[in-house]
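Data block below; observations after.
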Amino acid sequence: MHRVVALVRPPQSSFELACAAQVFGIERQGLPTRYTFGVCTEHPGPVATLAGYDMLVTDGLDALDRADTVVVPGWLPVQEPPSPAVVGALRRAHSRGARVVSICSGAFALAHAGLLDGRRATAHWAQADGLARQFPAVRVDADVLYVDHGDVATSAGAGAGIDLCLHLVRADQGAGYAAHVARTMVMPPHREGGQLQYAAPPHPAQIDGSLAPLLQWVTGRLDEPVTVDDLAAHEGVSARTLARRFTDQLGTSPGQWLLAQRIVAARELLESTDLPLETVARRVGLSSATNLRRRFLGALGTTPGAYRRAFRAGRG
């Protein structure tokens with residue numbers, strides 16, 4: 001069992017904590033339980049929340065010494081640094097090999113502990129500039145939903161914490177397991193684009209029509225050689241107009257979105273079938289095993305064969 005422990009402090013955001021609790025702390029029918037979830041705080045006892053109620057937390061910082069993943073679900077107010085005891089506990093957990101994760105403003109706690117120095121990281125778009133000013137050694141990326149270095153991961157604001165937690169489940173247990181968790185939460189397994197699509201724009205912007213029907217249309221045709229020009233033709237717009245709509249609504253290009261869907265479909269086939277790579281490639285529209293290997297390596301940093309061995313072996 002993979003032990004996940006959330007480190008909370010008053011005033012705690014109940015939503016950010018719930019992001020981690022809902023992903024890691026719920027037993028789901030028909031799905032093997034792979035995680036345990038707990039909560040700790042520096043001073044055990046009642047912990048005030050931003051929602052106006054207190055929650056009773058009985059575990060202290062020593063709980064982090066037993067965690068496989070430590071989650072910091074927000075750190076407010078961001079101007080207040082963590083105590084030396086908290087900094088030491090985070091550093092010890094990381095040093096012994098625990099994965100340390102922040103949601104939203106939790107990145108400030110990780111930065112105070114020096115875990116983000118020289119690394120790319122993110123936080124809520126409204127806090128990104130402050131994080132960059134306060135910690136110039138951190139390479140703050142205000143666009144992305146999350147950044148995962150393997151040993152340390154950070155998410156953007158609020159709901160992006162769910163995106164990061166589902167991503168971690170996908171990395172730990174495979175795409176099929178993560179998709180099952182996402183379905184029970186009535187969530188997409190993976191959201192496309194970055195958080196800037198949710199940031200308050202400097203000027204009012206009019207999104208010209210919804211892409212939802214087009215996305216549904218193409219998702220059912222991943223085995224076909226659908227191109228960006230085909231997408232534009234189906235919408236009855238120019239390729240340039242289509243690209244602008246994708247950027248406005250998804251924060252990514254049509255080509256990048258289409259490739260990401262093909263990779264997701266390939267991962268599911270690699271996990272759930274013994275189909276040859278050539279067949280997998282054709283079924284997801286990547287034409288050949290050679291192209292599948294190249295695209296897979298570029299997207300995930302591993303080969304289809306290695307991915308299959310890792311996640312098929314882990315399902316026993």
Side-chain angles (χ1 to χ4, degrees), residues 1-2 23-24 28-35 145-146 148 150 153 162-193 211-234 246 250 252-316:
M1 296 288 283
H2 185 111
V23 173
F24 297 115
R28 293 174 167 86
Q29 186 175 4
L31 196 65
T33 300
R34 303 278 174 81
Y35 297 94
L145 293 173
Y146 54 81
D148 180 17
I162 297 177
D163 294 288
L164 175 56
C165 291
L166 287 174
H167 162 78
L168 296 176
V169 171
R170 191 160 52 245
D172 292 342
Q173 313 296 343
Y177 190 101
H180 189 127
V181 173
R183 281 194 298 272
T184 67
M185 296 175 63
V186 198
M187 289 285 298
H190 177 68
R191 276 196 296 169
E192 300 301 326
L211 288 172
L214 175 64
L215 304 185
Q216 184 176 10
W217 176 82
V218 73
T219 300
R221 292 168 173 78
L222 292 179
D223 59 332
E224 302 175 14
V226 178
T227 66
V228 173
D229 287 339
D230 294 330
L231 298 180
H234 183 79
F246 265 76
L250 298 178
T252 189
S253 71
Q256 290 172 329
W257 181 87
L258 184 57
L259 176 60
Q261 305 316 299
R262 298 194 193 283
I263 295 296
V264 168
R267 292 171 71 168
E268 292 174 352
L269 287 174
L270 290 169
E271 290 181 32
S272 61
T273 75
D274 293 314
L275 292 172
L277 293 187
E278 284 287 349
T279 304
V280 172
R282 289 195 300 271
R283 288 199 179 183
V284 301
L286 290 176
S287 71
S288 70
T290 300
N291 192 34
L292 172 63
R293 289 188 189 95
R294 181 170 65 88
R295 298 293 192 176
F296 210 86
L297 186 62
L300 301 178
T302 188
T303 65
Y307 181 87
R308 169 176 271 168
R309 287 190 296 273
F311 285 108
R312 289 295 292 252
R315 297 176 77 85

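Values below: all heavy atoms of this structure, side chains included; hydrogens, waters and symmetry mates excluded. Position 1 is the first residue of the sequence; numbering continues from there.
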So do the side chains of [X] and [Y] get within less than 4.5 Å of each other, counting heavy atoms only?
X: Arg28; Y: Met185; value: yes
X: Val169; Y: Arg34; value: no
X: Val218; Y: Trp257; value: yes
X: Leu215; Y: Phe246; value: yes
X: Glu268; Y: Glu271; value: no

Atom pair [atom1]/[atom2] of [X] and [Y] - distance to nearest 0.5 Å:
X: Arg221; Y: Leu258; atom1: CZ; atom2: CG; result: 13.0 Å
X: Leu292; Y: Leu270; atom1: CG; atom2: CG; result: 6.5 Å
X: Ile263; Y: Tyr307; atom1: CD1; atom2: OH; result: 10.5 Å

inquiry  = Would you call the rings of Tyr35 and Phe24 parallel, tilted or perpendicular, taking 30° and 60° as the class edges?
reply    = perpendicular

Minimal non-hydrogen separation, [X] against [Y], with atom names:
X: Val226; Y: Trp217; result: CG1-CZ3, 4.3 Å
X: Val284; Y: Ala265; result: CG1-CB, 3.5 Å
X: Pro32; Y: Tyr177; result: O-OH, 2.6 Å

task = Evaluate whether atom CD of Gln216 has more than 12 neighbouring non-hydrogen atoms of other residues, nucleotides or ligands under 6.0 angstrom away.
result = no

ask   = side-chain hydrogen bond (donor to acceptor under 3.5 Å, both in side chains) with Asn291: which residues, sequence neighbours excluded?
value = Arg294

